Asker: 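Here it is: the structure, laid out below.
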There are 2 protein chains.
Amino acid sequence: MKSRLTIGKLAEAAGVGVETVRFYQRSGLLAEPARPFKGYREYSQADVRRILFIKRAQTLGFNLGNIMGLLKLDGPQACSLTHDLAVNKLHLVEGKITELRSIRRALKQMVRQCELDHETGTCPIIHALVEGSMPGEF
Amino acid sequence: MKSRLTIGKLAEAAGVGVETVRFYQRSGLLAEPARPFKGYREYSQADVRRILFIKRAQTLGFNLGNIMGLLKLDGPQACSLTHDLAVNKLHLVEGKITELRSIRRALKQMVRQCELDHETGTCPIIHALVEGSMPGEF
DNA sequence: CTTGACTCCGTACTTATATACGGAGATTAC
DNA sequence: GTAATCTCCGTATATAAGTACGGAGTCAAG
């Protein structure tokens, strides 16, 4: 079923605001739709999917520029570009996870320390984060 | 050696711009330094470390507000206050880890899809946008 | 002592990603 | 048929995190 949508329906279906749709249009992320009726924009389900794609790609760390690039391309080279971008992001994300785990360890230790001895110290996270920094004045 | 730095030297040592230092000061991320000399700010190595910390924390996805909170964990405080702050930041960090793990999962899926279909010459992600439904959960 | 680099300050501008506003016309619900 | 809602448009505002500008004072090198 090819349901035809107004801008408001599209926005609702995709979980964004009407203004966001207009903004995506201005930005070139969505093509200007047909306006068969008093200048009112008319959208299709494909537009819903396109916005959902944009939103999902955003949560993966792609910005709108990246996304526009992805959307413009099709065919085998698009796949390899997509692949490379994804692999890069993946490495970035794994590095961050590792670092956050070490911060978490430090924080847990801090909490435990605090609960055991009622002693005050400086925060181990900060020293874990800044290589070579001495404990003390911050 | 307690080298005393001008704002320019500090900025250079920390790899940021002079204006950024002033901005951090306005934002409360750096304390107003002493100005023993015609109103010129004077910094120490501790300020360099503090800026490096800020920059590092940013790459992990903390915003300046978060970072201000993390910085408050350091230094002498009432133990109960430290404890509460630490628990609070621990939750922040765990949320960040969870978020990144889900991004990682999605990216891995995306990479896998691309690799599977690479021989066929079509990118499943792009293809799905043109017609039909998205590959699940990408 | 002159020249160029550095510092001061407040304010304005930038980029990315949207949101909001205002007023006119169209559509829909009751 | 009237009120509420929706759509149109261009422009303005929001937020985070800086970055740049302009003019005046100051410092360091040649």
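Convention: sequence-line order gives letters A, B, ...; per-chain numbering from 1. Since we're looking at a predicted model, the values are computed, not measured.
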Asker: How many whole angstroms separate atom CZ of Phe23(A) from atom P of dT13(D)?
Answerer: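 Checked: the CZ to P distance equals 18 Å.
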
Asker: Write down the atom of Pro33(B), the atom of Glu42(B), and the distance for their closest heavy-atom approach.
Answerer: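 What the structure gives for the nearest pair is CB-O, 3.3 Å.
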
Asker: For Phe53(B) and Ile67(B), which heavy atoms make the closest approach, and how far apart are they?
Answerer: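 Closest pair (atom of Phe53(B), atom of Ile67(B), distance): CE2-CG2, 3.8 Å.
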
Asker: Given atom CZ of Phe37(B) and atom C1' of dG25(D), what is their separation to the nearest angstrom?
Answerer: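 One finds 14 Å between C1' of dG25(D) and CZ of Phe37(B), rounded.
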
Asker: Could you tell me the separation between the CD atom of Gln25(B) and the C1' atom of dG18(D), rounded to a whole number of Å?
Answerer: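 Rounded to the whole Å, the gap is 15 Å.
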
Asker: Atom CG of Leu52(A) and atom CG of Asp47(A): how far apart are they, to the nearest 0.5 Å?
Answerer: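 Taking CG in Leu52(A) and CG in Asp47(A), the distance rounds to 11.0 Å.
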
Asker: Just how far, in rounded Å, is P of dT7(D) from CZ of Arg35(A)?
Answerer: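 After rounding, the gap between these two atoms is 12 Å.
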
Asker: In whole angstrom, give the distance that lies between atom CG of Asn63(B) and atom P of dT15(D).
Answerer: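 Interatomic distance, CG of Asn63(B) to P of dT15(D): 14 Å.
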
Asker: Going by the rule salt bridge (charged side-chain N to carboxylate O under 4.0 Å, His left out), which residues pair with Glu12(B) if we only count those two or more places apart in sequence or in a different chain?
Answerer: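 With neighbours one apart ignored, the set is empty.
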
Asker: Atom CD in Glu99(A), atom NZ in Lys96(B): separation rounded to 0.5 Å?
Answerer: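 Going from CD on Glu99(A) over to NZ on Lys96(B), the span is 13.5 Å.
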
Asker: Does a side-chain N or O from Tyr24(B) land closer than 4.0 Å to OP1 or OP2 of dG18(D), or not?
Answerer: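 Yes, because at least one side-chain N or O of Tyr24(B) sits under 4.0 Å from OP1 or OP2 of dG18(D).
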
Asker: Do Val93(B) and Leu60(B) share a hydrophobic cluster (ILVMFWY, side-chain heavy atoms under 4.5 Å, transitive)?
Answerer: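 Per the 4.5 Å side-chain linkage, Val93(B) and Leu60(B) are co-clustered.
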
Asker: Please round to the nearest 0.5 Å and tell me the distance separating atom CG of Asn66(B) and atom CG of Leu92(B).
Answerer: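 Between Asn66(B) CG and Leu92(B) CG, I get 4.5 Å after rounding to 0.5 Å.
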
Asker: Contact list please: residues 9-22 of chain A against DNA chain C, heavy atoms, distance less than 4.0 Å, in numerical order.
Answerer: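 The answer is Glu19(A), Thr20(A).
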
Asker: Could you check Lys38(B) against Leu64(B) and say which one's nearest nucleotide on DNA chain D is further toward the 5' end?
Answerer: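 Upstream on the strand: Leu64(B).
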
Asker: Given atom CD of Gln58(B) and atom C1' of dA17(D), what is their separation to the nearest angstrom?
Answerer: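 Roughly 7 Å, once rounded to whole Å.
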
Asker: Roughly how far apart are Arg41(B) CZ and Leu5(B) CG, rounded to 0.5 Å?
Answerer: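 With rounding to 0.5 Å, CZ (Arg41(B)) is 14.0 Å from CG (Leu5(B)).
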
Asker: Measure from CD1 on Ile67(B) to C1' on dA16(D) and round the result to the nearest Å.
Answerer: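 Rounded to the whole Å, the gap is 12 Å.
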
Asker: Under 4.0 Å between any heavy atoms, over every strand shown, what does Ser27(A) touch: base, sugar-phosphate, or nothing? Just pick one.
Answerer: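 If one applies the 4.0 Å heavy-atom cut-off, Ser27(A) turns out to touch nothing in the nucleic acid.
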
Asker: Is the side chain of Arg50(A) donor-acceptor paired with the backbone N or O of Leu29(A) at a distance under 3.5 Å, no angle test?
Answerer: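 Pair found, side chain donor or acceptor close to backbone of Leu29(A).
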
Asker: CD of Glu42(A) versus P of dC6(D): gap in Å, rounded?
Answerer: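 About 18 Å, once rounded to whole Å.
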
Asker: Under 4.0 Å from any heavy atom of chain A: name the first and the last nucleotide of DNA chain C that qualifies, 5' to 3'.
Answerer: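 Result: dT17(C) to dT27(C).
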
